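What you see is a predicted model, and the numbers here were worked out from it, not measured in a lab. Worth knowing before you read on, the calculation uses all heavy atoms, side chains too, and leaves out hydrogens, waters and symmetry mates.
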Amino acid sequence: MSVEILTKEDLIRFKVELISEFKNLMNEKNEHRKKWLRSKEVEKLLNISPGTLQNYRINGTIKWTKFGNTYFYSLDAIQQSFESNSSSFS
């Protein structure tokens, strides 16, 4: 049985490599994320009812488009809406 000794520099190098791998995975995940969501996906994401989503559509809280009989919502627009309506407490 061989014994290997890890130094502090080895652990730091491992940490840097691990963080780099996480960043790559996060970037990959963001590239493959959906751009448009259907109504059910938005309801689940925001934990809201179909009626609430309809109200958001009617009053313009959430931007949407309709293709055929299906409503689609831009994920970026939803995130922007959250950011513009968020408040900061200090």
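When all heavy atoms of D10 and I5 are compared, the pair lying nearest together is OD2-O, 4.0 Å.
Inspection of the T52 and N55 side chains reveals no N or O donor paired with an N or O acceptor under 3.5 Å. Side chain to side chain, Y73 and R38 fail the donor-acceptor criterion of an N or O pair below 3.5 Å. A donor-acceptor contact under 3.5 angstrom links the side chains of N59 and T61, judged on distance only.
Interatomic distance, NZ of K63 versus OG of S74, reported as 8.5 Å (0.5 Å rounding). If you take OG1 on T70 and CH2 on W36, they are separated by 13.5 Å, rounding to the nearest 0.5 Å. To the nearest 0.5 angstrom, K15 atom NZ is 10.0 Å from K8 atom NZ. E21 contributes atom CD, which lies 8.0 Å from atom CD of E17 (distance to the nearest 0.5 angstrom).
A heavy-atom distance below 4.5 Å is not found between the side chains of L53 and S49. Side-chain contact between S39 and W64 is absent, with no heavy-atom pair separated by less than 4.5 Å. The closest side-chain heavy-atom distance from L46 to I62 is below 4.5 Å.
In the hydrophobic cluster analysis, where Ile, Leu, Val, Met, Phe, Trp and Tyr join through side-chain heavy atoms closer than 4.5 angstrom, L37 is grouped apart from F67. Put simply, Y56 and L45 are part of the same group of oily side chains (I, L, V, M, F, W, Y) that touch within less than 4.5 Å, one to the next. L75 and V42 fall within a single hydrophobic cluster, where Ile, Leu, Val, Met, Phe, Trp and Tyr side chains are chained together by heavy-atom contacts under 4.5 Å.
Within 6.0 Å of the CG atom in N24, the count of heavy atoms belonging to other residues, nucleotides or ligands exceeds 12. The environment of K66 atom NZ is dense: over 12 non-hydrogen atoms of other residues, nucleotides or ligands sit within 6.0 angstrom.
K44 has no carboxylate O lying under 4.0 Å from a charged side-chain N of E41, or vice versa, which leaves the two without a salt bridge.
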